[in-house]
Number of protein chains: 2
Amino acid sequence: MTNFKAYLNHISLDCVIFGFHENQLKVLLLQMKYTKKWALPGGFVKKEESFEEAAERVLKERTGMDNIFLQQFHVFSDPKRSEMNPAVKDLEKSGSGEGLDWFSQRFISTGFYALVDFHKVDPAPDFFSDKCEWKALEEIDNLMMDHRQILDKALETLRLHLTYQPIGYNLLPKKFTMPELQKLYETILGKSLDRRNFQRKILSYKILNKLDERKKGGAYKAPYLYEFNLENYNKALKEGFSGSW
Amino acid sequence: MTNFKAYLNHISLDCVIFGFHENQLKVLLLQMKYTKKWALPGGFVKKEESFEEAAERVLKERTGMDNIFLQQFHVFSDPKRSEMNPAVKDLEKSGSGEGLDWFSQRFISTGFYALVDFHKVDPAPDFFSDKCEWKALEEIDNLMMDHRQILDKALETLRLHLTYQPIGYNLLPKKFTMPELQKLYETILGKSLDRRNFQRKILSYKILNKLDERKKGGAYKAPYLYEFNLENYNKALKEGFSGSW
DNA sequence: GGATAAAATGTCACACTGACACAATATTAG
DNA sequence: CTAATATTGTGTCAGTGTGACATTTTATCC
């Protein structure tokens with residue numbers, strides 16, 4: 001309690017930004033300039049910000065978007081996490097930081113996941129990276145530090161939330177088809193679902209409005225379009241789906 | 001990124017320690033020396049510790065116990081949280097810290113909840129407090145800073161976990177009765193459940209072993225004793241209860 | 001030792017679930 | 001242009017889980 005330095009930490013956050021495109025769940029990643037490793041968009045928290053505000057700022061910078069659905073899910077605080085991977089050295093090489101003293105401090109990161117409409121995102125690299133791209137889950141490899149672990153935890157949390165919350169409004173365009181919504185659920189859950197049972201169940205939640213339009217131009221029979229019933233959707237977000245007790 | 005001080009934060013954690021006693025859910029609280037406000041047991045994170053290790057240390061100090069069931073649930077990072085309540089001044093009065101400079105920094109706290117066997121705890125106050133006591137949920141009042149908010153979030157999380165995880169092994173003695181287990185669920189959920197349906201459901205999870213003993217000495221008909229089937233209990237902890245998809 | 005209060009067990013109707021069949025329809029291929 | 005095709009819309013049925021409630025059993029109470 002007596003020494004300042006003992007409590008000096010680098011407080012950062014990392015965002016797992018999920019988007020849905022071409023029937024695939026994708027994550028927005030940055031490629032680092034020197035090592036070419038991939039990283040989750042993140043940044044340091046300023047002293048006058050809450051973590052949530054900082055996450056909004058990071059998201060705005062990387063995607064150009066405001067008002068994104070954001071959810072804090074875990075703090076990664078292993079004192080060795082910055083050593084776990086030579087990637088910290090990249091930062092050093094890249095000219096940021098103040099030399100060894102800066103890097104000898106520990107790095108603490110809070111994980112957020114974000115759900116966004118793929119088409120509305122305008123990906124922008126940051127100072128340390130030369131690419132900012134969407135990657136489908138299976139394509140993701142060669143992540144820096146413990147970012148694989150952070151990503152996995154985000155997915156795990158998202159799956160869990162799926163069981164008691166509606167999801168989709170932030171990931172899909174305004175109008176969408178039942179097969180699209182199902183595919184979204186399937187990719188998040190990592191398993192396939194029965195088409196007819198899925199429809200019955202999701203409709204029973206009353207969070208969808210069936211439209212009179214059909215989605216033409218696709219292959220074979222044209223599916224109906226749906227939109228979310230925001231009133232019920234938001235109610236469900238707050239109250240959650242039943243829960244088994 | 002250029003200024004050290006800009007990234008100086010006080011990294012702490014607060015523990016919501018739940019125990020179950022006399023059919024009530026209780027929380028272990030400290031009473032502060034000067035303001036007499038109540039506080040969750042907490043502490044600063046040392047530089048060489050993960051948050052989990054720091055939480056274990058805090059729990060050991062306050063309860064005398066090791067190997068406690070611990071779960072990180074939220075980070076409280078509002079820059080104003082230390083100002084929100086004059087309680088920070090208490091710390092100042094109490095002689096800790098290095099004066100204004102120290103208190104002008106922000107306080108970030110990660111919330112953990114812990115589940116413990118009430119009878120195994122030996123409550124010990126810390127340097128800033130003169131009491132360390134169990135309080136039933138309804139008795140809790142006059143908490144310092146944002147500790148009420150932290151407590152509420154812990155409860156909310158615990159309730160959620162109840163729907164997809166077994167709970168009880170850490171809160172109840174080795175042998176317990178069905179009415180005791182039900183009362184635990186009822187207090188966590190804050191509502192009463194049908195006795196017969198509860199039993200049917202909890203048994204269907206296969207996490208209990210029915211013993212041949214009965215709990216004598218109570219009032220009227222003696223209930224059977226149960227113990228947890230650790231093998232199935234741990235399996236359920238990992239895999240979770242079904243989930244609706 | 002009978003009254004009492006709680007525990008153990010059982011029943012029944014209904015909702016939900018998983019597995020699967022068949023009809024309808026827009027596109028595609030010849 | 002027409003038939004084949006892949007996909008969507010709708011429906012059924014049996015098995016399981018759920019909520020509501022009645023009856024029997026049993027250790028204490030008086």
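Proteins get letters first, then strands, A, B, ... in listed order; numbering begins at 1 in each. Hydrogens, waters and symmetry mates are skipped; everything else that's a heavy atom, side chains included, is used.
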[X] [atom1] to [N] [atom2], straight-line distance once rounded to whole Å:
{"X": "B:R195", "N": "D:dG19", "atom1": "CZ", "atom2": "C1'", "answer": "15 Å"}
{"X": "A:L181", "N": "D:dT8", "atom1": "CG", "atom2": "C1'", "answer": "15 Å"}
{"X": "A:I202", "N": "C:dC16", "atom1": "CD1", "atom2": "P", "answer": "15 Å"}
{"X": "B:E180", "N": "C:dA7", "atom1": "CD", "atom2": "C1'", "answer": "13 Å"}
{"X": "B:Q199", "N": "C:dA6", "atom1": "CD", "atom2": "C1'", "answer": "13 Å"}
{"X": "B:D212", "N": "C:dA8", "atom1": "CG", "atom2": "P", "answer": "13 Å"}
{"X": "A:L203", "N": "C:dC16", "atom1": "CG", "atom2": "C1'", "answer": "15 Å"}
{"X": "B:D194", "N": "D:dA22", "atom1": "CG", "atom2": "C1'", "answer": "12 Å"}

Problem set entry | B:L181 vs B:F228 side-chain heavy atoms within contact, under 4.5 Å | yes
For this session: Would you check if B:M178 and B:L203 make a side-chain contact, meaning some heavy-atom pair closer than 4.5 Å?
Result: yes
Exercise. Can a salt bridge be assigned to the pair A:D117 and A:K174 using a cut-off of 4.0 Å between side-chain N and carboxylate O?
Worked result: no
Exercise. Which of the following nucleotides, C:dG10, D:dT12, D:dA27, is nearest to the side chain of B:A222?
Worked result: D:dA27
For this session: Just compare D:dC13, C:dT27, D:dG9 and give me whichever is closest to any side-chain atom of A:Y220.
Result: C:dT27
Could one point to a donor on the side chain of [X] or the base of [N] with an acceptor on the other under 3.5 Å away?
{"X": "B:R196", "N": "D:dG19", "value": "no"}
{"X": "A:K221", "N": "D:dT8", "value": "yes"}
{"X": "A:R200", "N": "C:dG18", "value": "yes"}

Exercise. Starting at the 5' end of DNA chain C and moving along, which residue's nearest nucleotide shows up first, B:N197 or A:N197?
Worked result: B:N197
For this session: Compute the ring centroids of B:F73 and B:H161, then answer whether they are less than 6.0 Å apart.
Result: no
Exercise. Are any of B:K201's side-chain N or O atoms less than 4.0 Å away from OP1 or OP2 of D:dT18?
Worked result: yes
For this session: Report yes if a side-chain nitrogen or oxygen of A:K210 is closer than 4.0 Å to either non-bridging phosphate oxygen (OP1 or OP2) of D:dT10; otherwise report no.
Result: yes
Exercise. If you pin B:R214 and A:A219 to their nearest nucleotides in DNA chain D, which one's is more 5'?
Worked result: A:A219
Exercise. Would B:K191 count as a cation-pi partner of A:W245, with NZ or CZ less than 6.0 Å from the six-membered ring centre and within 45° of the ring normal?
Worked result: no
